[in-house]
Participant: 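Would you mind keeping the following structure in view while I ask a few things?
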Amino acid sequence: MKVAVVGATGMVGEVMLKVLAERNFPVTELIPVASERSIGKKLNYKGKDYTVVGLETAVSMKPDIALFSAGGDTSLEWAPKFAEAGTTVVDNSSAWRMDPTKKLVVPEINASALTKEDKIIANPNCSTIQLVMALNPLHKKYKMKRVVVSTYQSVSGTGVKAVRQLENEIAGVEGEMAYPYPIGRNALPHCDVFLDNGYTKEEMKLAREPQKIMDDRTFSVSATAVRIPTAGGHSESVNVEFENDFDLAEVRQLLSETPGVVVQDNTATNSYPMPIFAHEKDEVFVGRIRRDETQPNSLNMWIVADNLRKGAATNTVQIAEYLVENKLI
Ligand SMILES: NC(=O)c1ccc[n+]([C@@H]2O[C@H](COP(=O)([O-])OP(=O)(O)OC[C@H]3O[C@@H](n4cnc5c(N)ncnc54)[C@H](OP(=O)(O)O)[C@@H]3O)[C@@H](O)[C@H]2O)c1
């Protein structure tokens, strides 16, 4: 496979190269792609140096697959050009996610919807992926009515500039700001831009994407997204109301039998998910599973995952693996 990684010098791109190598994706030729600023830079992949090229050059090299994580504008402009050249694009930005002609895929849930005709495939938002990984098995069994989610999101979800802002603040150094306020010792109820309805774009991604991935519009999701000064992963406090009642032991059993989900839930041993445990792992960790005692058929839980791994790079590479295994590229 001739594989282009678009945004190879960024936070997600760097992890993408790591995940491709770890999972032994059948790369015969790697094409690292970034902005004009990075053309000519060397990136190491499996012990070999590769030179970063620009988008124009990458399209002309006709890769079999292009894994995009270079922002929405780059995807909107360039993904169709790659697709026209015969390349299958898996895109991490929000550019194509809600386009009805594009599939939005979490492989454990809906990879079977993919066909050879899908030339631009969307990877969901990082906070959506970890949420649906835990919700999907429970929805199948108990049928969800409403989900209320509050996120505690890592600065790594914003990109290199935000991680640098936090590092500068810790070191007491003045530098470029990714956020309108300091992030150290703070919590910003502001992820992505504000929309006319008073929600942020991140909150609306959490509200809309699960319905598309799970191909079901009978449940609703209400979200508040908050940025906090962690680096290892996103956390989510989730309240779910089901049509049907459940048994807590059965919920834990169902989640622990779900591929890609790990239950960490023992209050007697202080066992619960945290970003420091999830960091650099591919699994989605679920804990603090308890009945919401204020209304029937309702559950509270706490979900944590590494936003750069399952929330971005790993999910993208899993989609690519599915395409290869099923001869869709
Ligand atoms: N961070 C996460 O947890 C996460 C999760 C899911 C999805 N995403 C999405 O993934 C994308 C990248 O996020 P990130 O966190 O990796 O950001 P980042 O660290 O800022 O990296 C951005 C990457 O895109 C490249 N780029 C920027 N403008 C470009 C252009 N005009 N042409 C070609 N390449 C360009 C940059 O190249 P230079 O180094 O040359 O500037 C860099 O490689 C975004 O769309 C984001 O929404 C991020």
Side-chain angles (χ1 to χ4, degrees), residues 15 18-19 22 106 108-109 126-142 144 146-157 166 170 183-187 206 210 221 223-242 244-315 318:
V15 180
K18 217 163 149 187
V19 173
E22 279 172 17
V106 175
E108 291 88 344
I109 300 174
C126 42
S127 42
T128 305
I129 295 178
Q130 65 186 71
L131 180 66
V132 294
M133 284 288 289
L135 292 182
N136 188 55
L138 303 181
H139 179 52
K140 278 191 188 152
K141 180 83 184 180
Y142 310 112
M144 296 188 306
R146 180 167 186 255
V147 179
V148 181
V149 53
S150 299
T151 70
Y152 303 67
Q153 298 187 211
S154 153
V155 291
S156 63
L166 177 59
I170 292 168
I183 184 66
R185 300 183 194 181
N186 205 0
L206 276 158
V221 181
T224 302
V226 181
R227 190 75 61 190
I228 58 162
T230 50
H234 292 345
S235 305
E236 295 176 342
S237 165
V238 183
N239 178 273
V240 195
E241 184 185 1
F242 297 103
N244 305 307
D245 202 8
F246 54 83
D247 172 71
L248 275 182
E250 191 182 58
V251 166
R252 289 194 186 91
Q253 183 70 23
L254 266 175
L255 288 170
S256 58
E257 286 168 357
T258 301
V261 173
V262 173
V263 174
Q264 267 180 345
D265 193 29
N266 187 348
T267 50
T269 57
N270 293 343
S271 171
Y272 37 74
M274 288 189 286
I276 54 169
F277 293 155
H279 187 43
E280 298 191 335
K281 307 251 171 49
D282 286 322
E283 294 86 0
V284 172
F285 298 88
V286 187
R288 300 294 323 280
I289 301 166
R290 61 218 190 272
R291 193 172 277 282
D292 176 350
E293 295 177 340
T294 67
Q295 62 175 8
N297 306 345
S298 300
L299 184 80
N300 282 308
M301 60 185 164
W302 177 250
I303 305 171
V304 182
D306 186 329
N307 50 294
L308 294 173
R309 303 273 311 194
K310 183 59 182 165
T314 303
N315 199 71
Q318 284 177 309

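Positions are given from 1, in the same order as the sequence printed here.
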Participant: Side chains of F285 and M274, heavy atoms from C-beta outward: is any pair under 4.5 Å?
Facilitator: no
Participant: Which residues pass the salt bridge (charged side-chain N to carboxylate O under 4.0 Å, His left out) test with E241, sequence neighbours left out?
Facilitator: K145
Participant: Do R227 and I183 touch side chain to side chain, with heavy atoms closer than 4.5 Å?
Facilitator: yes
Participant: Quick one: pull up CE in M133 and CD in E108 and give me the separation to the nearest 0.5 Å.
Facilitator: 3.5 Å
Participant: Looking only at heavy atoms, what is the nearest atom pair of R185 and P229, with distance?
Facilitator: N-CG, 3.9 Å
Participant: Roughly how far, to the nearest 0.5 Å, is the OG1 atom of T258 from the NZ atom of K140?
Facilitator: 8.0 Å
Participant: Rounded to the nearest 0.5 Å, what's the gap from OG on S150 to CG on N239? Could you check?
Facilitator: 9.5 Å
Participant: Nearest 0.5 Å, what's the NE2-CZ distance between H279 and R309?
Facilitator: 9.5 Å
Participant: Name the one of V261, V238, V149 that satisfies side-chain contact (heavy atoms from CB on, under 4.5 Å) with I303?
Facilitator: V238
Participant: For a quick test of reading the model, state the closest non-hydrogen atom pair linking R252 to V263 and the distance between them.
Facilitator: O-CG2, 3.7 Å
Participant: Any non-hydrogen side-chain atom of L255 less than 4.5 Å from a side-chain atom of P137?
Facilitator: yes
Participant: Kindly give the heavy-atom pair with the smallest separation between D245 and R291, and that separation in Å.
Facilitator: OD1-NH1, 3.1 Å
Participant: Just jot down the salt bridge (charged side-chain N to carboxylate O under 4.0 Å, His left out) partners of K281, sequence neighbours excluded, or say none.
Facilitator: none
Participant: Taking S237 for the side chain and W302 for the main chain, is one N or O donor matched with an acceptor at less than 3.5 Å?
Facilitator: no
Participant: Mark yes when over 12 heavy atoms from residues, nucleotides or ligands other than R146 sit less than 6.0 Å from its CZ; otherwise mark no.
Facilitator: no
Participant: Contact between M301 and L135 at the side-chain level, heavy atoms closer than 4.5 Å - yes or no?
Facilitator: yes
Participant: Quick one: closest heavy-atom pair of V19 and A313, and the distance?
Facilitator: CG2-CB, 4.1 Å
Participant: Starting from the C-alpha separation in whole Å, work towards a yes-or-no answer on side-chain hydrogen bond (donor to acceptor under 3.5 Å, both in side chains) for T269 and S271.
Facilitator: CA-CA 5 Å; T269 57; S271 171; 4.6 Å; no
Participant: Just by modelled atom types, is the E280 backbone N or O under 3.5 Å from a matching donor or acceptor in the D306 side chain?
Facilitator: yes
Participant: To the nearest 0.5 Å, what is the distance between CD1 (I109) and NE2 (H139)?
Facilitator: 10.5 Å
Participant: Do you know which two heavy atoms are closest between V132 and V106, and how far apart they sit?
Facilitator: CG2-CG2, 3.9 Å
Participant: For P296, is there any backbone N or O sitting under 3.5 Å from a side-chain donor or acceptor partner on S298?
Facilitator: yes
Participant: So do D265 and V286 actually touch side chain to side chain, heavy atoms under 4.5 Å?
Facilitator: no
Participant: How about Q295: does its CD atom have over 12 heavy atoms from other parts shown lying under 6.0 Å from it?
Facilitator: yes
Participant: Could you tell me whether the side chain of Q130 and the main chain of K310 form a donor-acceptor pair under 3.5 Å?
Facilitator: no
Participant: Do any N or O atoms from the side chain of T230 and from the backbone of G232 form a donor-acceptor pair under 3.5 angstrom?
Facilitator: no
Participant: Kindly say whether L299 contributes a backbone atom to a donor-acceptor pair with the side chain of D292 at under 3.5 angstrom?
Facilitator: no
Participant: Count the heavy atoms belonging to other residues, nucleotides or ligands that lie under 6.0 Å from CZ of R288, then report whether that count exceeds 12.
Facilitator: no
Participant: On a heavy-atom basis, which atom in A225 and which in Q153 lie closest, and how many Å separate them?
Facilitator: CB-OE1, 3.6 Å
Participant: To the nearest 0.5 Å, tell me how far N307 CG sits from T151 OG1.
Facilitator: 11.0 Å
Participant: Side-chain contact, heavy-atom cut-off 4.5 Å: P273 with S235?
Facilitator: no
Participant: For residues L138 and F242, determine if any side-chain heavy atom of one lies less than 4.5 Å from a side-chain heavy atom of the other.
Facilitator: yes
